[in-house]
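One structure below.
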Protein chains: 2
Amino acid sequence: MPNDSSKDGYHHGDLRNALLSAAEGLLVQHGPGGLSLREVARVAGVSHTAPYRHFSDKAALLQALARRGFERLHAAMTDAAAGVPHGPEQQLIAAGIACVRHAVNHAEITQLMFGGTLASTVDAAGDMSGRDAFAALQTIIESGISAGVFRQREPRELALVAWTSMHGLAMLMTAGLLEVDTGNPAALDQLVGSVASNVIYGIAR
Amino acid sequence: MPNDSSKDGYHHGDLRNALLSAAEGLLVQHGPGGLSLREVARVAGVSHTAPYRHFSDKAALLQALARRGFERLHAAMTDAAAGVPHGPEQQLIAAGIACVRHAVNHAEITQLMFGGTLASTVDAAGDMSGRDAFAALQTIIESGISAGVFRQREPRELALVAWTSMHGLAMLMTAGLLEVDTGNPAALDQLVGSVASNVIYGIAR
DNA sequence: GATCGTATGTTGACAGTGTCTACATTACAG
DNA sequence: CTGTAATGTAGACACTGTCAACATACGATC
């Protein structure tokens, strides 16, 4: 019984995704750094060199995992903003909460995405890295400026304030450096809301 | 010629610090993760197990390195604030710039300090972790509230806005995820100043 | 000053890792 | 049906973190 998905023979059928899923599972168990390519292969039920048919490197696998995370983050933020048609401020808060929530719920992958582990490697795929998420914020802010609820400045500049704030909050929490019960969604939302509203107060007209 | 410092015999004399320095040097060369305990020992000119007489673990060595970083960060921020007696706003900006500058100038160690690599281990020494730096910010803000230039809110709340913002900025820059020339001090200060003044605008009375 | 415990440093070994090369099996195009 | 590329395997290599056993040097005690 080689595996659960697709084909059942010598060839796996969808090993690439299976490896990514296995890696993600192991990543949340043992933190980043505690993840070994061989164990990933073991969990996926293949030999220890099979991953090299799909990823040139261990770093490449981690990078693919990070890419997944960036996509999910972007989706979470835009979805959250889209679900709140009550104007840019509320959209911004919703996006911020979604951002931090995603970070807390996927702490290990968040560290992968923004931690320096892949820093050197990320350069190549850097075009991808979180730029979409940042752009989402900027879009909200632009609409807010047009609507006259935000100060008339460089959108990028205002977006940067929001982005760095949320990013910092997320990183501090995922690193466990903030005395807050990340398991309590209400407390989390309140904290994020507090920071976000302060940011908005600074941004607002 | 076993070494340059202190004694020259079988016993090193100050191996602990020598190891930390060697580790720091290697850390900036090859990023975090690319640092091997054995190479640290090699650089320090001792056998590959000598470090175990001073650090229980590889993680323990990295943790000590991180602790050094926290101390330096705190010192840099308080020094910067102390050097600017022109009121809390300017002090806050100075501290923010010092914070980000320290992060940029010690990118690898910053990733060590706040990245998740040590997350599980940091719990023990967590009391140390950046709390001092945060407290420094909070002190400035408290004096600002007393002086009536900042809004009358929970100091912790306002400090959190400033802290997350600076922290996020620092982390994004050290991870190379911000399109900014970190080598150009002027551009860096301007960027930090921009974000900081926006934060202050939100905090100010 | 000799002695002895202890701190410090060394050697050797072990399992585990990332990655390379060579080989085996399968899918598929002609 | 045949050959070629894609995919997976086996074995090897240097390297790593860590443990146990041993060697050396320092410092207090008699």
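Below, chains carry the letters A, B, ... as their sequence lines are ordered, and counting in each starts from 1. Because only heavy atoms are used, hydrogens play no part in the values below, and waters and symmetry mates are left out as well, while side chains stay in.
- Taken residue by residue, residues 28-38 of chain B places heavy atoms nearer than 4.0 Å to DNA chain D at Leu35(B), Ser36(B), Leu37(B), Arg38(B).
- The base of dG8(D) has none of its N or O atoms less than 3.5 Å from a complementary donor or acceptor on the side chain of His48(A).
- We find that CG of Leu62(B) is positioned 12 Å from C1' of dG17(D), with the value rounded to whole Å.
- Here the rule is side chain to side chain contact (heavy atoms under 4.5 Å, CB included) with Phe55(B), and of Val40(B), Leu37(B), Leu20(B) only Leu20(B) fits it.
- Within 4.0 Å (heavy atoms only), Arg42(B) reaches sugar-phosphate atoms of the nucleic acid but no base atom.
- Sorted by first and then second residue, the pairs that involve residues 95-108 of chain B and meet salt bridge (charged side-chain N to carboxylate O under 4.0 Å, His left out), not counting sequence neighbours, are Arg101(B)-Asp189(B).
- In this structure, His54(A) places its NE2 atom 9 Å from C1' of dA6(D), rounding to the nearest Å.
- The base of dT18(D) is not paired with the side chain of Thr49(B) by any donor and acceptor separated by under 3.5 Å.
- Summarising the geometry, the separation between CZ on Phe55(B) and P on dA7(C) is reported as 17 Å, rounded to the nearest angstrom.
- For Arg53(A), taking side-chain heavy atoms from C-beta onward, the closest of the listed nucleotides dT19(C), dA22(C), dG9(C) is dA22(C).
- Distance Tyr52(B) OH to dC14(C) P: 17 Å, rounded to the nearest Å.
- The CG atom of Leu112(B) lies 12.5 Å from the NE2 atom of His106(B); values are rounded to the nearest 0.5 Å.
- Using a 4.5 Å heavy-atom threshold, the side chains of Ile203(B) and Tyr201(A) count as separate.
- Heavy-atom minimum distance, Ser47(A) versus Ala41(A): O-CB, 3.3 Å.
- Using a 4.5 Å cut-off on side-chain heavy atoms (C-beta onward), Glu39(A) and His48(A) make no contact.
- Taking atom CG of Asp57(A) as the reference point, atom P of dG18(C) lies 11 Å away to the nearest angstrom.
- If you measure from atom CG of Leu61(B) to atom C1' of dT16(D), you get 15 Å, rounded to the nearest angstrom.
- Counting to the nearest Å, the P atom of dT26(C) and the CG atom of Leu15(A) are 16 Å from each other.
- Atoms CD (Glu39(A)) and P (dG18(C)) sit 10 Å apart, rounded to a whole Å.
- In this structure, the separation between CE on Met166(A) and OG on Ser165(B) is 9.0 Å, given to the nearest 0.5 Å.
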